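Right, one structure below, let's go through it.
All figures in this text were calculated on a predicted structure; none of them were measured in a lab. Note that ligands are numbered from 1 as they come in the structure, with each ligand's atoms numbered from 1 the same way. By convention here, the first residue in the shown sequence is residue 1.
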Amino acid sequence: MSQSRVNGLEVLIEEVEIRQRVAQMARRIEADYRGREPHFVGVLKGAAIFHADLVRELTLPLTMDFLSVSSYGAAMASVGPLTLDKDLEDDIEGKHVILVEDIVDSGRTAAFLFRWLPERKPASLRLCALLSKPSRRQFPARPDYVGFDVPDRFVVGYGLDYNQMYRNLPYIAALRESSAAHLEHAATFEP
Ligand code: PRP
C-alpha cells in the first residue's frame with residue numbers, strides 16, 4: 001500500500017516504478033557478474049534504502065559494506081571539502097566492488113570515491129545509482145547502472161532527505177517551488 005502523499009511534495013517516481021526498475025537493474029547486474037561475488041558498498045545515509053532493496057533482488061552470492069562521506073558548509077549545497085566519516089569495515093583488495101548511490105548530482109561524491117577506492121586495489125569498481133541528475137554534473141562521474149534520470153529539482157524520498165526528513169517515503173518526490181523558495185542555496189556550487 002502506498003504511503004499517503006505529503007503536502008508540498010510532487011511525486012515524480014511512484015513506488016511501483018521504483019520496484020520494477022530496481023528489479024531490472026538487478027537482472028543486468030546478475031548478467032554482468034555471473035560467476036563472481038560482487039561486493040556492494042552503500043554510501044550512507046541516502047543509499048541505505050536502495051541498497052537494501054537492490055541486494056534483496058539479486059540472486060548472486062554477494063557481500064556488502066557501507067561508508068559515509070560528508071561535506072562541511074551549507075547542508076544542502078555542494079560546497080566545502082569532503083571527508084570520510086565512516087570507513088569501510090572490510091578489505092576490498094581483489095573484490096569486484098559496486099558502489100551504490102541513491103543519487104549522482106554534481107558527481108562530487110562519486111568522483112571523490114573513485115579517486116580514493118582504487119587505492120585499496122579492488123579487482124573492479126563500478127557505480128550503481130538509482131537517480132542521476134546529468135544537468136547538474138560538475139565532476140567526472142559516470143554511473144555504470146542508472147535507475148532514472150531526474151530533472152534539476154530537489155528530490156526526496158526512498159532514502160533521500162530534506163533536513164533528514166522524508167527518507168522513509170516509498171516514492172521519489174520533488175519539493176514544490178513554494179516549499180523550495182527558501183532553499184535558494186541548494187542550486188549553487190562554488191568549486
Ligand atoms: C547525497 C547523496 C550522494 C550525494 C550526491 O548525500 O546521497 O551521496 O549527495 O551529490 P553529489 O553528486 O553532488 O556529490 P548527502 O551528502 O546529502 O548525505 P546523505 O546521503 O546522508 O543524505
Side-chain angles (χ1 to χ4, degrees), residues 6 8-9 12-13 18 21-22 25 39-55 64-89 92 97-118 120 122 125-175 179-180 182-191:
V6 176
L9 298 184
L12 297 183
I13 309 171
I18 297 172
R21 187 67 182 136
V22 170
M25 297 172 83
H39 187 63
F40 287 83
V41 173
V43 183
L44 297 173
K45 300 174 190 169
I49 307 289
F50 174 46
H51 187 278
D53 282 350
L54 180 66
V55 296
M64 65 178 82
D65 202 352
F66 297 91
L67 56 75
S68 173
V69 295
S70 68
S71 57
Y72 292 105
M76 295 175 48
S78 294
V79 297
L82 281 176
T83 56
L84 186 67
D85 281 350
K86 180 199 175 302
D87 201 344
L88 296 169
E89 294 187 1
I92 59 169
V97 174
I98 301 179
L99 194 64
V100 180
E101 270 283 26
D102 52 335
I103 187 166
V104 177
D105 190 326
S106 72
R108 185 174 65 142
T109 305
F112 169 77
L113 292 171
F114 267 68
R115 277 197 310 273
W116 170 64
L117 287 171
R120 307 250 176 123
L125 177 61
R126 284 188 175 176
L127 176 59
C128 177
L130 180 70
L131 305 178
S132 177
K133 271 188 199 170
S135 62
R136 290 259 302 165
R137 206 73 88 243
Q138 305 261 358
F139 296 85
R142 282 179 294 278
D144 299 282
Y145 307 96
V146 178
F148 304 91
D149 284 345
V150 288
D152 185 9
R153 297 185 63 184
F154 198 94
V155 288
V156 299
Y158 201 73
L160 293 101
D161 75 304
Y162 167 53
N163 281 349
Q164 301 302 326
M165 296 298 291
Y166 303 133
R167 293 192 197 272
N168 62 316
L169 297 178
Y171 49 82
I172 303 288
L175 293 186
S179 311
H182 60 297
L183 306 178
E184 69 274 11
H185 300 303
T188 60
F189 170 75
E190 305 291 341

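Applying the side chain to side chain donor-acceptor pair (under 3.5 Å) rule to Asp87 yields the partners Arg120; only residues at least two apart in sequence or on another chain are considered. In terms of the ring pair (Phe, Tyr, Trp, His ring centres under 6.0 Å) criterion, Phe112 has no residue partners (sequence neighbours excluded).
Listed by atom number, the atoms of ligand 1 under 4.0 Å from Asp161 heavy atoms are 22 (O). Of all atoms in ligand 1, numbered sequentially from 1 with element shown, those under 4.0 Å from a heavy atom of Ile103 are 2 (C), 3 (C), 5 (C). Each of the following atoms of ligand 1 lies closer than 4.0 Å to a heavy atom of Asp102: 2 (C), 3 (C), 7 (O).
A 6.0 Å sphere centred on CZ of Arg142 holds no more than 12 heavy atoms belonging to other residues, nucleotides or ligands.
Of the heavy atoms in Arg136, none comes closer than 4.0 Å to ligand 1.
Any N or O atom pair closer than 3.5 Å counts here, and Gly46 shares at least one such pair with ligand 1. Considering backbone and side-chain atoms alike, Ala47 places every N or O at 3.5 Å or more from each N or O of ligand 1.
Proximity of Arg167 to ligand 1 is established by a heavy-atom distance of less than 4.0 Å. The closest approach between a heavy atom of Gly107 and any atom of ligand 1 is below 4.0 Å.
Residue Leu67 comes nearest to Trp116 through the heavy atom pair CD2-CZ3, 3.8 Å, listed as atom of the first residue, atom of the second, then distance. Between Met64 and Val55, the shortest heavy-atom contact is CE-CG2, 3.7 Å. Here the closest heavy-atom approach between residue Val97 and residue Pro122 is recorded as CG2-CB, 3.8 Å.
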